[in-house]
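To start, the structure itself, in structure tokens.
Reminder, nothing fancy here: chain letters follow the sequence lines and each chain counts from 1. Just so you know, these numbers come straight off a predicted model, no measurement behind them. Basis for what follows: all heavy atoms, side chains included, without hydrogens, waters or symmetry-related copies.
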Amino acid sequence: MTTDNSSPETPSPEKDPKKLKQLANQVQNLVVKPYKKRIMPRFRRFFHGLKEQYRKIDIKNEPRQRRFVVATLVLFIVWLLLVGTLSWSEIVVGIVVAAFTAFLSSNHLAFIDNLKFKWAMPLHVLRYLQVFVVALLRANIDMARRVLSPRLPINPALVEVQTQLKSPLGKLILANSITLTPGTLTVDVVGDHLQVHWIDSTPGVDLEHATVAIAESFERHLQEFIE
Amino acid sequence: MAIFGNILIVIGAAFLFLGALGLVRMPDVYNRIQAGTKAVTLGSLALLAGVAFIHPAWLPKLLVIALFILFTSPVGSSIIARAAYLAGLQPFTLSSKEKARYLSKPEET
Amino acid sequence: MSILVFYLEMLAFIFIGGAVLLGMWRLLMGPTVPDRVVAADTLAVVTTASLVWLASKLDNPIYLDIALVYGALAFVAVVAIARTIEGSHSAK
């Protein structure tokens, strides 16, 4: 800092004690008093609430906290995959951004409650993924055969499939799996019935045959980790 | 490694081509959605796997893209199918004569 | 060795180009609106995949981000068009 370069004939307000007092009064009235009166209590209440929140943290029984933690974890993993490096600054920023995004979208996270959190859950997810990948490969080879053969062997029909899954998330995952597997395409979901377009409806178009042929193998695995 | 990655890329591109071919050959909207979505999804996954073999350092970002395609592609096709269904498009079905012929002579693989 | 890689790349290029041409044909000729939307959806996924391939060819990972954003925007567009046409009977 430079020391004092103001000329003596124009005294600066810092040198004049009267003006200095006036300035201090103004600052008191304009900044400090409102801050103490209005803003400080808000901060205090906010931090108090935060402390209370942390005191009664209980992921097992409080659905709101569980939603928040799960969403933050998933978003953080996606962030790490996107950034691709493991430096400390990236990790800290990722946690902050993930927590903030989860906080902003906390009103729309109710679907997380439909997952059944158990220790064996990753195993069930892996088993389900294995079934899914095999079905995906079979679907594509089947579709390639149909497209390439000159007779175009299709026998399409709209059929209905019944599902045991209750929650919207379970129905969504089941519908996605059905869409990506051999010769079937989910058209609409009404209650616990899924309308499915089936490209080779030879086993029969009634409810039981279609359910057994299309949805059962997925449902058995999905029910283990989703309601 | 590069050769294996390139072979995977060619397989993926072939599936993309098959998907587009199915899009042209199939007789109605629902069948076109089926042919289009499935083959194109697997094709792009195979292509991404091939690129991951050529550039192993890009694996995390390729994984994000693959998961994204895997989640959004069936949702998109289902929502188009639902739109077509609600707009009143009837699905193409075989006539009884064609169906009898189809059932009597199953397509040999 | 490298000549084999070159032929494989040519083959992939021919396949992707053929896929884009067939998709464009369906996009232009599709008799109904959902047909065109399906063609646009398929073309979007093909474009995403070929952007990734382009990133590999040009050795520049910035195209991966472009592919991701393009895929997201195309998905939003397809959903928006589908929601628009689902009530209207002009889609036939």
Side-chain angles (χ1 to χ4, degrees), chain B residues 2-3 5-7 9-25 28-30 32-33 35-37 39-41 43-48 50-52 54-55 57-58 61-62 64-65 68-69 71-73 75-89, chain C residues 1-2 4-5 7-9 11-26 29-35 37-39 41-46 48-50 52-53 55-56 59 61 64-65 67-68 71-72 74-75 78-79 81-92:
Chain B
I3 295 214
N6 270 305
I7 289 173
I9 287 180
V10 170
I11 291 173
F15 270 109
L16 292 181
F17 180 76
L18 282 180
L21 188 66
L23 202 64
V24 171
R25 278 198 72 192
D28 78 331
V29 190
Y30 305 100
R32 280 173 201 150
I33 294 171
T37 315
V40 161
T41 307
S44 44
L45 290 188
L47 203 147
L48 261 58
V51 173
I54 295 177
H55 297 271
W58 298 357
K61 206 167 273 185
L62 290 172
V64 171
I65 298 177
F68 183 79
I69 290 176
F71 277 120
T72 58
S73 167
V75 174
S77 62
S78 278
I79 207 165
I80 301 168
R82 184 165 175 272
Y85 181 67
L86 290 183
L89 288 172
Chain C
M1 188 77 177
S2 68
L4 181 61
V5 170
Y7 278 125
L8 286 176
E9 279 167 359
L11 204 58
F13 180 74
I14 290 169
F15 276 137
I16 288 180
V20 171
L21 281 182
L22 290 176
M24 283 305 282
W25 192 83
R26 179 52 74 195
M29 306 298 286
T32 66
V33 178
D35 279 320
V37 184
V38 174
D41 189 20
T42 308
L43 277 179
V45 183
V46 171
T48 309
S50 45
V52 173
W53 190 52
S56 162
D59 210 358
L64 295 182
D65 297 327
L68 195 58
F75 173 66
V78 164
V79 170
I81 298 172
R83 292 309 293 261
T84 308
I85 63 175
E86 75 183 14
S88 71
H89 290 271
S90 62
K92 275 187 218 178

Subject >> Any side-chain heavy-atom pair of C:Val52 and B:Trp58 under 4.5 Å >> reply: no

**OP:** With a 4.5 Å cut-off on heavy-atom pairs, point out which of B:Val75, B:Ile79, B:Ile69 contacts chain C the most.
**Re:** B:Ile79

**OP:** Determine the minimum heavy-atom distance between B:Ala83 and C:Ala82, stating which atoms define it.
**Re:** CB-O, 3.4 Å

Original post:
Out of curiosity, C:Arg83 CZ to B:Arg82 CZ, how far, rounded to the nearest 0.5 Å?
Top reply: 6.0 Å

Subject >> chain C contacts, top residue of B:Ile33, B:Ile65, B:Leu62 (heavy-atom pairs, under 4.5 Å) >> reply: B:Ile65

Subject >> Pairs of heavy atoms under 4.5 Å with chain B: top-ranked of C:Thr42, C:Leu64, C:Ile16, C:Val45 >> reply: C:Leu64

**OP:** Find the one option among C:Gly23, C:Gly18, C:Ser50 whose heavy-atom pairs under 4.5 Å with chain B are most numerous.
**Re:** C:Gly18

Subject >> Interface residue of largest heavy-atom contact number with chain B, from C:Val78, C:Asp59, C:Leu21, under 4.5 Å >> reply: C:Asp59

**OP:** Considering non-hydrogen atoms only, spot the tightest contact between B:Ser44 and C:Ala49 and give its length.
**Re:** CB-CB, 3.8 Å

Subject >> Under 4.5 Å from a heavy atom of chain C, the part of B:Leu47 involved >> reply: side chain

Subject >> C:Phe75, CZ: over 12 other non-hydrogen atoms inside 6.0 angstrom >> reply: yes

**OP:** Identify the heavy atoms of B:Arg32 and C:Pro31 that sit nearest to each other, and give their distance.
**Re:** NH1-CD, 4.1 Å

**OP:** Report the distance from atom CH2 of C:Trp25 to atom CG of B:Leu21, rounding to the nearest 0.5 Å.
**Re:** 11.0 Å

Subject >> More than 12 heavy atoms from other groups under 6.0 Å of CZ on C:Phe13 >> reply: no

Subject >> Per-residue contact mode, C:Ala74 against chain B (heavy atom under 4.5 angstrom) >> reply: neither

Original post:
Is the B:Phe17 ring parallel, tilted or perpendicular to the C:Phe15 ring (thresholds 30°, 60°)?
Top reply: tilted

Original post:
When B:Leu23 is tested against each of C:Asp35, C:Leu22, C:Leu43, C:Val38 for side chain to side chain contact (heavy atoms under 4.5 Å, CB included), which residue passes?
Top reply: C:Val38

Subject >> Flag side-chain contact, heavy atom, 4.5 Å: C:Leu8 against B:Ile9 >> reply: no

Subject >> Heavy-atom contact with chain C under 4.5 Å, split by part of B:Leu18 >> reply: neither

**OP:** Look at B:Val40, B:Leu16, B:Val24 and state which one has the largest set of heavy-atom pairs under 4.5 Å with chain C.
**Re:** B:Val24

**OP:** Report the distance from atom CD1 of B:Ile80 to atom CD1 of C:Ile85, rounding to the nearest 0.5 Å.
**Re:** 8.0 Å

Subject >> Contacting moiety of B:Ile54, where chain C heavy atoms sit under 4.5 Å >> reply: side chain

**OP:** Heavy atoms only: give me the nearest C:Pro34-B:Val29 pair and the separation to one decimal.
**Re:** CB-CG1, 3.8 Å

**OP:** Side chain from CB out, backbone as N, CA, C, O: work out which of these in C:Ala55 comes under 4.5 Å of a heavy atom of chain B, or both, or neither.
**Re:** both

Subject >> Taking every non-hydrogen atom, the tightest pair across C:Ala12 and B:Ala13 >> reply: O-CB, 3.7 Å

